[in-house]
Amino acid sequence: MVLSRSLTRKLAATCGAVLGFVLLYEVTALDSKATAAHEVEVRETAWPHPGARLRFHATAYCKGTTTASGTTVRTGIAAADPLLLPVGSVIQVDSLSPRYNGIYTVMDTGPAVQGREIDIYMWNCGEALDFGRRSIAINVLRLGWNPKASAPASIAAEIRAHEAATPEATEARATTTSVTVVVTNPAPDRVASLDSAPK
């Protein structure tokens, strides 16, 4: 009743309520930022294992012809610290621009690639210089050459996506049937009819 008669009191109560909601929102926003920073910190200190999503830094290189594994350099190859991502590891990068996102195989090492760093091969040196150094997130699909150290869910998802992209291959597998006929001791007149049957 006191508020209904005084305009000043109505304005003061409204301003107080708005201020209370703003302060409550700010406290919640600060808490969620602190939680997100803590989660990133946990991911940055976690050890790489199949299925892990980790923070790394990415650079690019364009020089050289042969990798540490003995293969020729090409697009889709990355260099990494062998203590964290041994040669043969497969990683997925999805936090860059679409041009650089994708799956990379760690086939190279280098003295400048230490710790949580990957170095992506690019054939164009100008593009590699423009790439610079970026903070990225990677998914570890396989650690080293051991297929048992793979993330089954990630690989199964990739296979399903590939199969879905080629429906004609799936249709061909579904319609192809194999029939095996085993004839034991046929009669002589049946052999002639089998040989003359259309194929």
Distance (rounded to the nearest 0.5 Å) between S95 OG and R55 CZ: 6.5 Å

Could you state the interatomic distance from NE2 (H57) to CD1 (I118), rounded to the nearest 0.5 Å? 11.5 Å

Name all residues meeting the ring pair (Phe, Tyr, Trp, His ring centres under 6.0 Å) criterion together with F56; count only those two or more places apart in sequence or in a different chain, and write none if there are none. none

Pairwise disulfide bond (SG atoms under 2.5 Å apart) hits with a residue in residues 59-103, at least two apart: C62-C125

For residues 81-111, which residue pairs pass the disulfide bond (SG atoms under 2.5 Å apart) check, not counting sequence neighbours? none

Residues 94-137 vs ring pair (Phe, Tyr, Trp, His ring centres under 6.0 Å), sequence neighbours excluded, gives Y61-Y121, Y100-F131

So which atom in [X] and which in [Y] form the shortest heavy-atom distance, rounded to 0.1 Å?
X    : Y    : value
L84  : P86  : O-CD, 3.6 Å
G144 : S89  : N-OG, 2.8 Å
V87  : M107 : CG1-CA, 4.2 Å

May I have the list of side-chain donor-acceptor pairs in residues 71-79 shorter than 3.5 Å, sequence neighbours left out?
| from | atom 1 | to | atom 2 | distance (Å) |
| --- | --- | --- | --- | --- |
| T71 | OG1 | T67 | OG1 | 2.9 |
| T71 | OG1 | S69 | OG | 3.4 |
| R74 | NH1 | T72 | O | 3.2 |

With sequence neighbours excluded, what pairs up with P82 under the side chain to side chain contact (heavy atoms under 4.5 Å, CB included) test? T109

Under the side chain to side chain contact (heavy atoms under 4.5 Å, CB included) test, which residues partner A52, sequence neighbours left out? H49, L54

Let me see the working for V90 and L143 under side chain to side chain contact (heavy atoms under 4.5 Å, CB included), right down to the final yes or no. CA-CA 7 Å; V90 179; L143 200 57; over 6 Å; no

Which residue pairs satisfy the salt bridge (charged side-chain N to carboxylate O under 4.0 Å, His left out) criterion with at least one member in residues 86-111, sequence neighbours excluded? R53-D94, R99-E127

Show me the pairs that pass salt bridge (charged side-chain N to carboxylate O under 4.0 Å, His left out) and involve residues 128-138, at least two apart or across chains. E117-R133

Is the closest side-chain heavy-atom distance between I138 and L85 below 4.5 Å? yes

Treat each ILVMFWY residue as a node, draw an edge where side-chain heavy atoms are under 4.5 Å apart, and state whether V93 and M122 are in one component. yes

Are V140 and L96 linked, directly or through other ILVMFWY residues, by side chains that come within less than 4.5 angstrom of each other? yes

D119 meets the side chain to side chain donor-acceptor pair (under 3.5 Å) criterion, sequence neighbours left out, with T59

Using modelled atom types only, decide if a donor and an acceptor are shared between the side chain of R142 and the backbone of I91 within a distance under 3.5 Å. no

